[in-house]
Amino acid sequence: MGTTTKVTYLTSFSTFGRDAYAYVAQEKGFFTGAGLDVTINPGSGTVDVLKLVAAGRAHFGVADATGTMITLAKEKMPVIAVAAVQQRTVAAIIGLEGGRIATPADLIGKKVADSPGSTVKLMFPLYAKAAGIDPGKVEFVPSAPPALPQLLVSGQVDAIGQFVVGKPLIEAAASGRKAVVLPYGDLLPDLYGNMLVTTRDLADRDPELVRRFSDALLKGLRYSIEHPDEAGQILRKYQPTQNSDVASAEMRLMTGYSRPDGFGGPLGAVDEGRIGTIIQLLEQAQAIPTGSLRPADLVNFGLVPKS
């Protein structure tokens with residue numbers, strides 16, 4: 001490939017192990033092999049990623065599918081999803097064993113720290129409805145992503161918004177105390193996890209570039225879930241503050257979400273009918289106004305990976 005295209009990419013949430021696949025794609029030459037010179041920057045949750053991509057501050061980013069739907073139903077932004085990083089939602093609330101939270105009902109009257117733009121906070125009303133609790137009786141404390149584990153360990157909050165795959169990170173920070181994980185997917189099994197997003201303009205104007213980037217990133221994802229130990233080491237090479245063992249453990253957990261049992265499609269696939277079902281679920285929960293969103297408003301189905 002003659003010319004190299006410079007693109008900027010935002011991770012979903014800081015530079016934890018769950019985002020190692022982007023650095024793997026960088027290290028293994030998947031990006032350069034696709035004629036891409038990629039700058040990877042840390043994202044800070046779904047809403048911020050969407051806003052930065054929409055504003056042209058990044059060409060691509062990763063945002064939670066349901067969080068994106070809720071955001072786009074409220075505020076129209078020129079962004080579109082082109083691949084699913086996870087076929088099941090990884091959103092969760094995490095506490096510590098011996099703490100005050102063991103079940104969703106225990107969240108009432110408690111403090112949960114999370115980034116203001118996080119999908120965990122954005123989706124909480126939907127999760128609360130499914131759990132039969134009043135979302136207004138749970139206090140969310142705005143906090144920076146890197147500070148979350150320490151806020152939990154120090155007891156300043158009862159729980160934190162986190163991805164399911166963050167369990168090893170929390171347990172490492174807690175010096176061996178076990179994490180209590182409340183996965184959103186247990187009560188909301190239809191939901192997708194993170195999706196790769198770009199601008200509608202780029203998807204329409206240069207679909208070939210979008211496919212090249214998406215294919216290279218998904219190669220990194222495939223390699224990472226097949227070689228989790230190496231993925232952890234690669235992340236540490238690019239992000240020296242990260243623990244490679246913790247990152248590897250996160251990537252092992254990712255396998256069951258990116259390529260779950262019974263999933264027969266190609267990595268990154270998105271089903272239009274399932275997106276329609278999720279929209280109906282959000283409408284029924286009054287998380288979005290009825291008729292405010294169609295599947296094509298969220299996903300460019302012409303660009304998602306096909307068998």
Side-chain angles (χ1 to χ4, degrees), residues 1-12 19 21-26 28-86 117 119 192-222 265-272 274-276 278-279 292-307:
M1 201 170 287
T3 58
T4 300
T5 306
K6 288 181 180 289
V7 299
T8 305
Y9 166 83
L10 293 170
T11 68
S12 63
D19 278 299
Y21 57 91
Y23 297 96
V24 170
Q26 189 90 289
K28 290 294 175 182
F30 300 149
F31 288 142
T32 53
L36 302 169
D37 177 3
V38 179
T39 300
I40 303 170
N41 291 324
S44 55
T46 291
V47 176
D48 282 349
V49 167
L50 292 173
K51 286 181 176 176
L52 289 168
V53 170
R57 301 276 297 278
H59 297 90
F60 298 95
V62 172
D64 178 80
T66 310
T68 299
M69 290 180 187
I70 293 169
T71 303
L72 294 185
K74 292 176 182 172
E75 181 182 352
K76 298 302 179 189
M77 284 189 251
V79 293
I80 197 83
V82 293
V85 175
Q86 291 125 2
T119 187
Y192 280 95
N194 281 334
M195 288 193 172
L196 175 64
V197 298
T198 187
T199 60
R200 285 182 171 277
D201 175 66
L202 186 59
D204 293 340
R205 181 170 43 83
D206 200 343
E208 190 257 348
L209 171 63
V210 174
R211 283 195 187 93
R212 275 161 46 205
F213 181 84
S214 177
D215 289 350
L217 187 71
L218 291 171
K219 267 191 192 175
L221 177 61
R222 182 179 299 107
L267 208 61
V270 184
D271 181 77
E272 187 168 357
R274 189 170 153 199
I275 294 292
I278 298 167
I279 290 172
S292 61
L293 212 58
R294 300 165 303 141
D297 295 328
L298 178 77
V299 181
N300 183 322
F301 293 98
L303 289 174
V304 299
K306 303 286 195 299
S307 298

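Everything numeric in this text was worked out from a predicted model, so none of it was measured.
Counting heavy atoms from C-beta outward, L218 and L221 have side chains that approach closer than 4.5 Å. In this structure, the side chains of L298 and I80 stay at 4.5 Å or more apart for every pair of heavy atoms. Side-chain atoms of Y192 and D271, non-hydrogen and from C-beta on, do get closer than 4.5 Å to each other. Taking the side chain as every heavy atom from C-beta outward, M69 and I279 approach each other to under 4.5 Å. Under the 4.5 Å side-chain criterion, counting only non-hydrogen atoms from C-beta, T4 is not in contact with T32. Under the 4.5 Å side-chain criterion, counting only non-hydrogen atoms from C-beta, L217 is not in contact with K219. Counting heavy atoms from C-beta outward, F301 and I275 have side chains that approach closer than 4.5 Å. Residues V82 and V299 have side chains not in contact (no heavy-atom distance under 4.5 Å, counting atoms from C-beta outward).
In this structure, V304 and V270 approach most closely via the heavy-atom pair CG1-CG2, 3.9 Å. Between P295 and E272, the closest heavy-atom pair is CB-CG, 4.0 Å. In terms of heavy atoms, A296 sits closest to R200 at O-NH2, 3.4 Å. When all heavy atoms are compared, the tightest approach of A83 to P305 is CB-CD, 4.0 Å. Taking every heavy atom of both residues into account, P42 and T11 meet most closely at CA-OG1, 3.4 Å. When all heavy atoms of N194 and S12 are compared, the pair lying nearest together is ND2-CB, 3.5 Å.
With rounding to the nearest 0.5 Å, the separation of OG1 in T71 from CE in M77 is 5.5 Å. The CZ atom of F213 sits 13.5 Å away from atom CZ of F30, with the distance rounded to the nearest 0.5 Å. Atom CG of residue L50 and atom CG of residue L72 lie 6.0 Å apart, to the nearest 0.5 angstrom.
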Name every donor-acceptor pair, under 3.5 Å, that has one atom in a side chain of residues 55-64 and the other anywhere in the protein, sequence neighbours excluded.
from	atom 1	to	atom 2	distance (Å)
H59	ND1	T8	N	3.0
D64	OD2	T66	N	3.0
D64	OD2	G67	N	2.8
D64	OD2	T119	OG1	2.8

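With sequence neighbours excluded, the residues satisfying side chain to side chain contact (heavy atoms under 4.5 Å, CB included) with T5 are V7, L36, L209, R212. Residues meeting the salt bridge (Lys or Arg N to Asp or Glu O under 4.0 Å) test with D201, sequence neighbours left out: R205. With sequence neighbours excluded, no residue forms a side-chain hydrogen bond (donor to acceptor under 3.5 Å, both in side chains) with Y9. Listed by chain and number, the residues in a side-chain hydrogen bond (donor to acceptor under 3.5 Å, both in side chains) with R294 are D297 (sequence neighbours excluded).
A distance-only check finds a donor-acceptor pair linking the side chain of Q26 to the backbone of V38 [under 3.5 Å].
At most 12 heavy atoms of other shown residues, nucleotides or ligands fall within 6.0 angstrom of atom NZ in K74.
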- Message: For V79 and T198: C-alpha separation, side-chain torsions, deciding distance, then whether side chain to side chain contact (heavy atoms under 4.5 Å, CB included) applies.
- Response: CA-CA 6 Å; V79 293; T198 187; over 6 Å; no
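Residue pairs meeting the salt bridge (charged side-chain N to carboxylate O under 4.0 Å, His left out) criterion with at least one member in residues 32-55, sequence neighbours excluded: K6-D37.
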